[in-house]
Protein chains: 2
Amino acid sequence: MGVDCHHTESAQPGLEGAALASAVAAAESKCERTRERLTPPRRRVLERLLEADGPMKAYDLIAAYGQDGEPAKPPTVYRALEFLERLGFAHRIESLNAYVPCRMEGTSHRAAFLICECCGTAEEFEPDFAPQFAAAEAAGYAVRTVTLEARGLCPACKGGA
Amino acid sequence: MGVDCHHTESAQPGLEGAALASAVAAAESKCERTRERLTPPRRRVLERLLEADGPMKAYDLIAAYGQDGEPAKPPTVYRALEFLERLGFAHRIESLNAYVPCRMEGTSHRAAFLICECCGTAEEFEPDFAPQFAAAEAAGYAVRTVTLEARGLCPACKGGA
DNA sequence: AACCAATGCGTTATGAAATAACATAACCCG
DNA sequence: CGGGTTATGTTATTTCATAACGCATTGGTT
Ligand SMILES: [Zn+2]
Ligand SMILES: [Zn+2]
Ligand SMILES: [Zn+2]
Ligand SMILES: [Zn+2]
């Protein structure tokens, strides 16, 4: 990645087999509860995100879309991503122009990421936004969403160098 | 902007005349101290940012580059922006693909923004990253930079609606 | 002054990311 | 089944950003 430091590049291995199926099933049941539809394109994009070892670019998803190697058309993937984000199944990482599946079990949450500039992993964590919110609201703002992306080196890359 | 809510669109009026000249002069003297060069293209882009009423897109800067209406070539502006960011004279707002001049007097700082989804203003503020840093470093991360962008309604738009 | 390395600029071209617009299809509910 | 709503397929375009290369300027060295 950014720095010259070469690891075997999967601090966050993607899901396969049963784990993958289970994650998709969880999303499906959550959709049913809220009367949302996990349609084939949406499901396919979610699967690709879950299988991946790290953040996926939109055009990586487009290229990886079909089982047969057939790419999707851009709007197909962008629309699916919009849905997945809205439902909380995926997050966009602004500073990477990339997407990850949500890794937090809980329901609604405000996502934040620790992004390793060496190996490219993006670990989701549950931030404490209270101080920022307090300051912003004291200044008269009505905060709706917060994007927090911290960049640096993950434990593995920090040690190994 | 995003919401349908129409204000006179300049909660953050750009600089003109003496104020503009003074801001540019401050940047210039800071460059001299660090043996960096505020060359004509860099200066021009900085001026355009300072004059603007809000975040500027790269291609807005490209279009507004010449006094005579002549646009710049993209690399000219992107290189200048890279320089201005490196020196702390400008910040990129990831969630807008846009740029603002730095509004904080102090020296080095980690920028954070309150972005109004109605009028489009982006107010820079000095965040308190301590809790996030503590958590990240406890988890073994070495944090280098942090991007924090809060979106919502500014005081003016919240009230008026 | 002549030289040289380092940095910055101008220019052309291309690549990467995201959306507009519109027609068609599936779904849901009564 | 009818009609509104939601989702998809498809084509094209727009928006954002960088690669690559040669020339110019700078600042130090001999
Ligand atoms: Zn999440
Ligand atoms: Zn790493
Ligand atoms: Zn600043
Ligand atoms: Zn506002």
Side-chain angles (χ1 to χ4, degrees), chain A residues 1-2 27-28 31-49 52 55-66 68 70-87 89-100 120 147 149, chain B residues 1-2 27-28 31-49 55-68 70-87 89-100 120 147 149:
Chain A
M1 300 304 292
E28 200 144 42
C31 281
E32 275 164 17
R33 264 176 273 132
T34 56
R35 289 194 223 287
E36 298 277 357
R37 300 162 54 199
L38 189 63
T39 60
R42 291 166 178 178
R43 178 192 199 103
R44 201 125 64 188
V45 171
L46 176 58
E47 285 170 355
R48 295 297 178 272
L49 285 174
M56 291 277 281
K57 300 271 200 174
Y59 274 72
D60 293 341
L61 289 165
I62 287 168
Y65 183 79
D68 50 2
E70 276 304 294
K73 305 289 172 61
T76 301
V77 165
Y78 280 104
R79 292 200 274 233
L81 288 170
E82 185 185 0
F83 170 85
L84 296 172
E85 280 200 82
R86 182 164 56 81
L87 277 282
F89 297 144
H91 301 293
R92 174 181 164 81
I93 302 183
E94 297 288 349
S95 61
L96 296 178
N97 288 358
Y99 301 82
V100 290
T147 297
E149 298 172 10
Chain B
M1 303 304 292
E28 198 143 44
C31 281
E32 276 164 17
R33 263 177 273 131
T34 56
R35 288 193 224 287
E36 298 278 356
R37 298 164 54 199
L38 189 64
T39 59
R42 292 168 176 177
R43 178 191 198 107
R44 200 124 65 186
V45 171
L46 176 58
E47 286 170 354
R48 296 296 177 274
L49 284 174
M56 291 277 278
K57 300 269 200 176
Y59 274 71
D60 293 341
L61 289 165
I62 287 168
Y65 183 79
Q67 290 94 341
D68 50 1
E70 275 304 293
K73 305 289 172 60
T76 301
V77 165
Y78 280 104
R79 284 169 182 156
L81 287 170
E82 186 186 358
F83 170 86
L84 296 172
E85 279 199 81
R86 183 164 56 80
L87 276 281
F89 297 144
H91 302 293
R92 173 179 167 83
I93 301 182
E94 296 288 348
S95 60
L96 295 177
N97 288 358
Y99 301 82
V100 290
T147 297
E149 298 173 10

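Note that this is a predicted model, so its numbers are computed, not measured. Letters go in sequence order (proteins before strands), and every chain restarts at 1.
The structure places NZ of B:Lys57 at 6.5 Å from CG of B:Leu96, a figure rounded to the nearest 0.5 Å. Distance NE2/B:His91 to CG/B:Leu84: 11.0 Å, rounded to 0.5 Å. B:Leu87 CG to B:Glu82 CD: the interatomic distance, rounded to the nearest 0.5 Å, is 11.0 Å.
Smallest separation of non-hydrogen atoms from B:Arg92 and B:Glu149: O-OE2, 4.3 Å. Minimum interatomic distance between B:Tyr78 and B:Ile62 (heavy atoms only, all atoms of both residues): CE1-CD1, 4.5 Å.
Following rounding to the nearest Å, B:Glu82 (CD) and D:dC16 (P) show an atom-to-atom distance of 19 Å. Between the P atom of D:dT18 and the CD atom of B:Glu85 lies a distance of 10 Å, rounded to the nearest Å. Distance, B:Leu61 CG to D:dT15 P: 15 Å, rounded to whole Å. Straight-line distance from the NZ atom of B:Lys73 to the P atom of D:dT18: 18 Å, rounded to whole Å. Here the P atom of nucleotide D:dT14 and the OH atom of A:Tyr78 are 17 Å apart, to the nearest Å. Rounded to an integer number of Å, the gap from CZ of A:Phe83 to C1' of D:dA7 is 11 Å. Remark: C1' of D:dT6 and CG of A:Leu87 are 14 Å apart, rounded to the nearest angstrom.
A residue-by-residue look at A:Asp60 and A:Arg79 shows that A:Asp60 has its nearest nucleotide of DNA chain C further toward the 5' end. Along DNA chain D, the nucleotide nearest B:Lys57 and the nucleotide nearest A:Glu36 are compared for position; the residue whose nucleotide lies closer to the 5' end is A:Glu36. In terms of position on DNA chain D, the residue among A:Asn97 and A:Ala80 whose nearest nucleotide sits closer to the 5' end is A:Ala80.
Ranking D:dA7, D:dT10, D:dT26 by closeness to the B:Arg37 side chain, first place goes to D:dT26.
In terms of phosphate contacts, A:Thr76 brings no side-chain nitrogen or oxygen within less than 4.0 Å of OP1 or OP2 of D:dT8. OP1 or OP2 of D:dA17 has at least one side-chain nitrogen or oxygen of B:Arg92 nearer than 4.0 Å.
Here B:Tyr59 packs flat against the base of D:dC16; its ring centre is closer than 5.5 angstrom to the base's six-membered ring, tilted by less than 30 degrees.
Among the protein residues, B:Pro40 comes within range of no part of the nucleic acid, since none of its heavy atoms lies under 4.0 Å from any strand.
Along DNA chain C, read 5' to 3', the first and last nucleotides having any atom under 4.0 Å from a heavy atom of chain A are C:dA17 to C:dC27.
Looking only at atom types and distance, the side chain of A:Glu94 has no donor-acceptor partner in the side chain of A:Thr147 under 3.5 Å away.
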Per-pair distances, 0.1 Å, donor-acceptor, side chain in residues 38-45 of chain B, under 3.5 Å, sequence neighbours excluded:
residue, atom, partner, partner atom, Å
B:Arg42, NH1, B:Arg37, O, 2.7
B:Arg43, NH1, B:Glu28, OE1, 3.1
B:Arg43, NH1, B:Glu28, OE2, 2.7
B:Arg44, NH1, B:Gln67, OE1, 3.2

